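Computed from a predicted structure; not experimentally measured. In what follows, every chain begins at residue 1, and chains take the letters A, B, ... in the order their sequences are listed.
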Amino acid sequence: MARDYNPENIELKWQAIWEDSGIYHCEIDPDKPKKYVLEMFPYPSGSPHMGHVRNYTIGDVIARAARMRGYNVLHPMGWDAFGLPAENAAIKQNSHPAVWTYQNIEVQEKSFKRMGFSYDWRRKIVTCDPEYYRWGQWLFLKMHERGLVERKKSPVNWCPECATVLANEQVEGDGVCWRCASRVEKRNLAQWYFKITDYAQELLDDLDQLELWPERVKTMQANWIGRSTGANITFSICDEQGESTDQAITVYTTRPDTLFGCSFFLLAPEHPLVEEFTAGTPYEADCRAVIEASARETAVERESGIAEKQGAFTGRFVVNPINGAKVPVWIANYVLMDYGTGAVMAVPSGDDRDFEFARHYGLDIPPVVVAEDDPLLSTLRDESDLVQKNVDWDTGYTGPGVLVQSGPFTGMKGGKDSEACRAIVEALATEGKGEATVNFRLRDWLISRQRYWGNPIPMIHCDVCGLIPVPEEQLPVILPLDLDISKGATLDSDPSFYEVDCPACGAQAKRETDTMDTFTCSSWYFLRFADARNDEQAFSKKSADYWMPVDNYTGGIEHAILHLLYSRFFTKVMRDMDMLNFDEPFKQLLTQGMVKLDGEKMNKSKGNIVSPDEVVPRYGADTVRGYIMFMAPPDKDLDWSPDGVEGMHRFLGRVWRLVGEYVDTCVLAGSASATNSDEEAIVRQSLRDTQDASLTDAEQTLRRLTHKLTKKATDDIDRQQFNTAIAALMELTNALYDFKKQDNWTDSVYTAEGIDALLKMLAPIAPHITEELWRDLHGEQVESIHVQDWPSYNPDYVVADTIELPVQVNGKIRGRVEVAADAADEVVAEAAKIAVSDHIDDEEIKKLIVVPGRIVTIVI
RNA sequence: GCCGGAGUGGCGGAACGGCAGACGCGGUGGAUUCAAAAUCCAUUGAGGGCAACCUCGUGAGGGUUCAAAUCCCUCCUCCGGCACCA
């Protein structure tokens with residue numbers, strides 16, 4: 001009687017053996033095709049959850065399958081270890097972030113090993129380790145050299161809870177902190193930036209190269225970058241009489257075609273000219289009220305969605321450069337200082353916001369672009385002068401149309417990027433008052449953080465020399481570990497850290513005490529994995545040339561913008577530094593879905609957590625891996641179901657018993673079990689040489705299913721449809737059980753072939769049980785199943801000799817014909833006619849279509 | 001508002017424009033058992049018929065096609081992202 005399936009025993013046994021033998025280690029091998037399989041490395045937040053299990057199982061299956069398909073596979077693991085949670089937890093527990101971090105890493109590492117993930121652990125990275133973060137500092141200096149680092153004072157996002165500034169990407173839609181969900185405030189502070197906007201166009205363009213990225217991630221990035229085409233138009237400031245002064249303001253617009261409809265002009269409340277215009281005038285008080293209201297509003301009103309349009313007249317005027325009209329200058333709360341130029345030409349008839357503002361303050365709404373079907377068009381079609389100052393519309397009209405009341409441009413087609421846009425910009429350009437331009441929504445990346453647990457920014461403030469980079473040979477700037485941070489102290493409270501001599505002039509200077517955003521650490525870690533133990537460089541060119549780019553990258557959709565945009569930016573910068581010879585770091589991206597419970601996100605505070613620590617000891621890692629891969633396609637959310645876990649456990653049990661019984665029978669018969677794979681291959685080959693006619697029907701069927709399902713599972717794993725790949729393996733198991741009803745089923749070489757294919761294809765998903773059964777089958781001395789070749793299939797064996805085709809009459813299935821698989825279409829057609837003769841009667845056949853191997857359809 | 005994605009049995013989910021519901025869960029019946037668990041075998045979209053079979057079925061409504069879950073148009077619902085970006 002076969003042994004019981006005891007997952008815990010065999011899993012721990014094989015995990016130890018794999019670790020000792022180092023079978024998952026990899027080295028550069030120019031003779032072998034490489035595959036770099038990577039999952040987004042975890043934050044060491046505590047014990048792992050099902051999301052981790054899913055993420056890393058997906059990657060592991062890809063890596064293992066690739067290894068068996070003959071690739072030299074790099075599959076590494078590390079930790080993104082700097083950041084606020086460590087610091088907050090340490091403050092709470094009166095510990096140190098380093099202690100908390102390394103403890104958690106130990107727990108997670110152990111847990112990942114218990115899952116049987118096939119990492120090359122020699123390449124482990126921990127980003128808070130000086131051996132790693134020194135290279136982050138080095139990259140900062142290199143970017144500084146290239147002019148990509150900037151320190152500037154501007155309104156920034158401040159999270160009061162985290163007591164630090166945040167990047168735009170880290171403020172979520174409703175104005176809250178991505179980490180703690182507190183409401184973010186605006187503060188005017190001097191901060192460090194990476195000039196990601198220098199790469200805005202390329203970051204947008206190269207999305208086209210990413211054929212194997214999900215469409216939605218690319219769309220999200222494109223929206224975030226937010227390219228818009230339009231023109232800069234310059235309005236000169238004029239006096240009360242309309243006489244131009246030598247001062248001017250430039251606006252950005254996407255609709256230069258509507259310029260004749262500009263009936264007022266807007267400045268952002270924070271615009272520097274507002275003070276100059278209004279100081280000491282009767283308009284000062286009103287403007288100040290709007291400025292103050294809008295400063296309060298940004299925090300509060302955004303929450304409610306729509307803020308009421310507010311504004312005030314500044315008492316000043318500008319001249320419309322296209323027609324010399326005198327236009328009043330207002331301030332308005334909906335004009336943003338940090339987009340475009342902070343000033344807007346308002347065209348209420350062509351913009352809903354301007355329309356609303358104009359209605360509210362009783363300003364003119366002259367129509368300039370009118371829809372083809374608007375009755376207004378017939379009355380105004382030929383009007384080049386302003387005859388109608390107002391419309392009776394409910395909103396502005398933003399669609400395409402015809403220009404009216406627009407001087408020489410009247411009658412032209414208007415709208416976004418229209419001929420009128422080009423003509424008007426051209427006319428303005430001749431007078432130096434306009435030029436076509438492009439604007440991006442993307443802002444520079446604010447990377448400084450006023451927190452302790454991060455990579456120190458390697459810069460020094462010298463009163464004499466200004467900002468001086470730390471000389472390269474002095475790297476790394478070590479983050480001191482002896483700080484008592486229990487009260488939330490930062491580097492700013494540690495004189496032994498910040499008191500330094502200026503590297504340039506030797507005067508007493510102050511080291512920068514801000515640290516870098518953790519996202520800087522994760523923006524290049526995939527490159528370090530290629531050469532993790534290099535202590536002379538961030539990574540060698542050779543290792544990057546061989547291993548990069550990452551072939552398969554798996555991680556959560558929450559990084560659709562953040563990490564994935566930053567990493568693309570770093571890659572392009574390093575390419576321009578001649579460190580890399582490619583444009584994009586991640587060839588293929590798989591965004592895995594969440595693991596939920598009863599449709600809800602698992603959450604510590606809700607207490608609805610299913611932990612791998614409780615499920616794995618009970619069912620084994622193989623069952624958990626298999627379940628997670630089977631229950632949904634990898635990119636979809638998955639609802640945890642205890643019954644589903646049982647089902648996967650049952651399936652593995654079926655495989656266990658099938659192979660166990662096979663081995664037992666063979667041992668009794670003194671055959672098969674002793675064969676190693678070479679001998680078996682020879683046996684199988686010789687059998688293939690014999691005539692098919694010697695096969696029984698059952699053998700024919702088993703062979704056909706084995707080859708068909710091998711093809712199916714192989715294809716499905718290739719396209720990462722692991723759920724259907726597992727379904728195919730279940731079918732193969734069922735086919736073997738079916739064949740088991742035959743007498744002497746163990747004698748047939750097709751049983752051996754089926755079991756061989758089943759175990760090998762199941763190996764990436766359930767690595768332990770398959771390894772154990774593989775050794776049962778072939779003996780302890782045989783090489784691991786995980787270094788075996790992936791099974792192949794013979795297309796000739798996939799098709800049966802005869803096939804049954806459905807026959808349709810007028811679109812409905814009315815019968816079936818059994819024909820030879822290679823029968824000519826004419827033969828099939830005749831057979832089909834006979835099969836459905838009842839339904840044809842004497843009707844004339846109008847059309848007869850044979851879709852080979854699929855269907856016959858007859859139209860009468 | 002704009003941009004994406006998705007709506008298929010009791011449930012999770014399958015289906016290069018070609019037999020809708022693979023595979024699994026759950027259910028039902030049987031074998032085994034003193035009994036149960038486990039296991040094995042069979043069955044399982046809905047409705048009708050003794051039956052071979054028939055009818056209806058992929059969010060709703062139209063269309064293209066010999067043939068539509070799949071392609072096109074209109075609409076509804078849900079999920080996600082962005083949002084006063086001029």
Selection: residues 708-715 of chain A, any non-hydrogen atom under 4.0 Å of RNA chain B: none

Atom pairs under 3.5 Å: protein N/O with N/O of nucleotides 70-72 of chain B:
none

Sequence-distant partners of A:F235, ring-ring contact (aromatic ring centres under 6.0 Å, His included), two or more places apart: A:F265

Distance, rounded to the nearest Å, where A:Y619 contributes OH and B:rA38 contributes P: 11 Å

RNA chain B contacts among residues 850-860 of chain A, heavy-atom distance under 4.0 Å: A:V851, A:R854, A:I855, A:T857, A:V859

Residues forming a side chain to side chain donor-acceptor pair (under 3.5 Å) with A:E830, sequence neighbours excluded: A:K833

Residues forming a salt bridge (charged side-chain N to carboxylate O under 4.0 Å, His left out) with A:D738, sequence neighbours excluded: A:K741

Under the side chain to side chain donor-acceptor pair (under 3.5 Å) test, residues paired with A:D637 that sit two or more places apart: A:K596

Letter per nucleotide, 5' to 3', of nucleotides 21-26 of chain B [B base touched, S only sugar-phosphate touched, - untouched; heavy atoms, 4.0 Å]: -BBSSS

Under the side chain to side chain donor-acceptor pair (under 3.5 Å) test, residues paired with A:D639 that sit two or more places apart: none

Donor-acceptor pairs under 3.5 Å, side chain of residues 847-857 of chain A to any protein atom, not counting sequence neighbours: which ones?
residue	atom	partner	partner atom	Å
A:T857	OG1	A:Q808	OE1	3.1

Aromatic centroids of A:W393 and A:F355 separated by under 6.0 Å: no

Pairs meeting criterion side chain to side chain donor-acceptor pair (under 3.5 Å) with involvement of residues 642-651 of chain A, two or more places apart: A:Y619-A:E646, A:T623-A:H649

By salt bridge (charged side-chain N to carboxylate O under 4.0 Å, His left out) - contacts of A:D716 (at least two apart): A:K712, A:R719

